[in-house]
Protein chains: 2
Amino acid sequence: MSLVDLSKHVALGIDIGGTNTKFGVVNHRGEVLEKGNIRTDAYPTVEEYINALYEAVAPLIEKHGNERNFDGIGVGAPNANYYTGTIEQAPNLPWKGTIPFAKLIKEKFGLPCTITNDANAAAIGEMLFGAARGMKDFIMITLGTGVGSGIVAGGKLIYGHDGFAGELGHTIVKPGGRKHWSTGSEGCLEAYASATGIAITAKKMRAEFPESILNQYPEESINSKTVHECALKGDPISMEVFRYTGQKLGEALANFVMFSSPEAILLFGGVIKAGDFILKPTKLHMERNLLPIFRNKVKLVFSELDEADAAILGASALVWEK
Amino acid sequence: MSLVDLSKHVALGIDIGGTNTKFGVVNHRGEVLEKGNIRTDAYPTVEEYINALYEAVAPLIEKHGNERNFDGIGVGAPNANYYTGTIEQAPNLPWKGTIPFAKLIKEKFGLPCTITNDANAAAIGEMLFGAARGMKDFIMITLGTGVGSGIVAGGKLIYGHDGFAGELGHTIVKPGGRKHWSTGSEGCLEAYASATGIAITAKKMRAEFPESILNQYPEESINSKTVHECALKGDPISMEVFRYTGQKLGEALANFVMFSSPEAILLFGGVIKAGDFILKPTKLHMERNLLPIFRNKVKLVFSELDEADAAILGASALVWEK
């Protein structure tokens with residue numbers, strides 16, 4: 001019998017967002033030993049992007065690989081497919097079509113690479129090190145520029161038959177509703193509950209209510225953050241923006257609960273900085289739309305992990321999970 | 001090493017519906033050796049019901065138990081909880097509150113008993129012996145008096161943290177829409193896509209269109225079957241009843257696909273006798289509401305099993321799965 005020193009095993013976790021890419025060297029205990037980042041949107045081709053990523057990451061691999069076993073690279077990215085290792089038709093990334101991402105990384109870095117969708121990676125991070133520790137059934141909803149999701153049932157991430165399960169941001173919450181800026185679908189959750197959706201709601205509402213202090217801001221600075229500032233100052237229109245957003249989100253969450261009956265729903269991402277302005281109406285409308293057997297059972301909580309760390313930790317954990 | 005003759009092992013599968021209870025003795029190969037049924041709605045208390053069930057079933061157990069090992073009893077019932085063995089607040093059953101059903105059966109019959117929701121039992125039946133053989137990811141939707149569902153992901157039924165996962169009939173497809181006759185919720189799938197919902201739609205539409213031959217039927221005989229008869233005779237209003245139903249169902253299925261990305265969705269129950277009248281609009285509206293990465297991938301098929309057998313087979317399989 002041989003003893004393994006887990007602290008000597010490290011992996012690289014990479015979290016690819018539409019704007020930024022964050023990465024970190026993580027050990028088996030979930031400690032992020034070193035972090036860094038590059039822009040995602042500065043490279044028109046995926047080859048240029050991977051070259052830039054390599055430049056930034058190689059010194060870390062060299063440094064930590066000298067003293068420890070560098071076991072591999074885990075990546076969380078929009079539309080990343082766990083089964084095939086490809087990123088397919090990601091609307092928020094600059095590279096189009098089907099990209100053999102895991103293969104490209106493996107060739108460039110000479111290390112095994114596993115990828116999954118960014119929200120799935122965050123869900124794994126929460127399950128191992130965050131608010132979902134010890135839970136076997138939970139749903140992670142990321143409320144950022146878009147709305148992502150990772151679903152864990154019976155202790156396992158749901159990947160579906162093709163690796164694309166968990167696109168809850170694109171479920172329809174209001175048939176015939178607001179048109180999505182990228183997919184063209186009408187009334188999906190992302191069109192309302194993402195930061196982008198909140199900005200659209202806020203712009204509409206401030207136009208209807210000239211008395212709102214939201215009208216003191218230039219058009220381009222209307223976003224989830226400025227609406228939150230105005231709500232904190234007591235602006236009823238800004239509060240109504242979050243109430244309306246929470247209603248749509250709560251209605252969607254009720255449907256998700258009746259699907260997989262999770263112990264908790266974890267909310268994550270920039271939008272949750274609005275705190276109770278968004279949480280209270282979300283909870284109200286979730287409960288209101290649930291069958292009695294589901295009521296007052298599901299914990300609706302904010303993520304406990306630092307936003308960047310959750311995805312990096314989860315991505316790195318993919319290396320050891322495989 | 002000892003050889004076990006599987007044909008010598010049998011179980012009792014029981015399928016409890018709001019009106020009828022069907023049961024069968026099933027062997028390990030999925031052969032229903034003998035069947036029977038009693039009324040569900042003729043017994044005001046669950047004790048009287050279980051006594052009647054025992055009267056009907058005891059001769060079968062005695063007969064088959066003499067030659068074979070009688071391994072146990074599996075039950076599919078509305079709102080049955082796999083984890084606790086209870087039936088809780090089932091709106092379509094005559095017995096209210098939380099009933100310790102598995103315990104009562106075990107005490108009366110002296111055999112181990114496992115229960116699950118009726119649609120879950122049907123899904124297990126399809127997975128072992130029907131259209132979902134070999135599939136690891138599929139969703140079963142039962143379109144009967146109500147709308148039930150069983151969800152299989154990664155080869156496992158999704159039970160959720162409390163055993164109540166898979167209440168897809170109660171997900172909201174049209175916020176603020178038609179009020180459900182029993183739960184009071186507004187716009188749930190069951191209010192449109194169940195046989196009950198179809199009758200409501202048909203009654204509304206025939207009142208609006210006096211020229212429809214649906215108006216030749218007395219009010220109480222308007223149901224999925226008579227609407228199908230009229231559609232077959234070319235009545236455009238009856239066809240529109242199914243088209244509208246299929247639209248609502250298809251919109252709901254699109255959301256389910258974006259949740260668990262199944263290889264197939266199996267439709268099951270009395271409503272599917274309408275065939276293409278319901279299948280075609282369902283498929284159209286499902287595809288229309290899917291993200292491109294999900295389009296033209298999901299098989300939408302009717303169950304291959306006899307309606308009664310699927311639930312009996314699935315319920316009996318619970319005995320050996322446990």
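Values below: every heavy atom of this structure, side chains too, minus hydrogens, waters and symmetry copies. Chain letters run A, B, ... following the sequence lines, proteins first and then strands; every chain starts at 1. Just so it is clear, the structure is predicted and the values come from calculations on it, not from any experiment.
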Problem set entry | Top of A/Gly166, A/Gly169, A/Ala153 for chain B proximity - count of heavy-atom pairs under 4.5 angstrom | A/Gly166
Exercise. Which residue out of A/Pro292, A/Gly154, A/Pro262, A/Gly163 racks up the most heavy-atom pairs below 4.5 Å with chain B?
Worked result: A/Pro262
Contacting region of [X] [heavy-atom separation from chain A under 4.5 Å]:
X: B/Ile172; answer: both
X: B/Ile139; answer: side chain
X: B/Phe256; answer: both
X: B/Ile151; answer: side chain
X: B/Val257; answer: neither

Exercise. Can you list the residues that meet the ring-ring contact (aromatic ring centres under 6.0 Å, His included) rule with B/Phe259, with sequence neighbours excluded?
Worked result: A/Phe259
Quick one: closest heavy-atom pair of [X] and [Y], and the distance?
X: A/Ala254; Y: A/Met286; result: CB-O, 3.5 Å
X: B/Ala119; Y: B/Gly148; result: CB-C, 3.8 Å
X: B/Ile124; Y: B/Ala317; result: CG2-CB, 3.8 Å

For this session: Output the distance between atom CG (A/Leu267) and atom CD1 (A/Ile278), rounded to the nearest 0.5 Å.
Result: 8.0 Å
Problem set entry | Straight-line distance of B/Leu157 CG to B/Leu318 CG, nearest 0.5 Å | 8.5 Å
Problem set entry | Residues which pass side chain to side chain contact (heavy atoms under 4.5 Å, CB included) with A/Ala80, listed by chain and number, not counting sequence neighbours | A/Ala77, A/Ile87, A/Ile115
Exercise. Does any heavy atom of chain B fall under 4.5 Å from the side chain of A/Val173, the backbone, both, or neither of them?
Worked result: backbone
Exercise. Relative to chain B, which segment of A/Ile158 carries a heavy atom at a distance below 4.5 Å: side chain, backbone, both, or neither?
Worked result: side chain
Cross-chain donor-acceptor list, chain A and chain B, 3.5 Å limit, no angles:
| unit_1 | atom_1 | unit_2 | atom_2 | d |
| --- | --- | --- | --- | --- |
| A/His161 | N | B/Ser261 | O | 2.8 |
| A/His161 | ND1 | B/Ser261 | O | 3.1 |
| A/His161 | ND1 | B/Pro262 | O | 3.3 |
| A/Asp162 | OD1 | B/Ser261 | OG | 2.5 |
| A/Asp162 | OD2 | B/Ser261 | OG | 3.3 |
| A/Asp162 | OD2 | B/Lys297 | NZ | 2.7 |
| A/Gly166 | N | B/Met258 | O | 3.3 |
| A/Gly166 | N | B/Phe259 | O | 2.8 |
| A/Glu167 | N | B/Met258 | O | 2.7 |
| A/Ile172 | N | B/Asn255 | OD1 | 2.7 |
| A/Ile172 | O | B/Asn255 | ND2 | 3.0 |
| A/Asn255 | OD1 | B/Ile172 | N | 2.7 |
| A/Asn255 | ND2 | B/Ile172 | O | 3.0 |
| A/Met258 | O | B/Gly166 | N | 3.3 |
| A/Met258 | O | B/Glu167 | N | 2.7 |
| A/Phe259 | O | B/Gly166 | N | 2.8 |
| A/Ser261 | O | B/His161 | N | 2.8 |
| A/Ser261 | O | B/His161 | ND1 | 3.1 |
| A/Ser261 | OG | B/Asp162 | OD1 | 2.6 |
| A/Ser261 | OG | B/Asp162 | OD2 | 3.3 |
| A/Pro262 | O | B/His161 | ND1 | 3.3 |
| A/Lys297 | NZ | B/Asp162 | OD2 | 2.7 |

Exercise. Less than 4.5 Å apart, any side-chain heavy atom of B/Val241 and any of B/Ile198?
Worked result: yes
Exercise. Quick one: does B/Phe268's side chain get under 4.5 Å of B/Leu143's, heavy atoms only?
Worked result: no
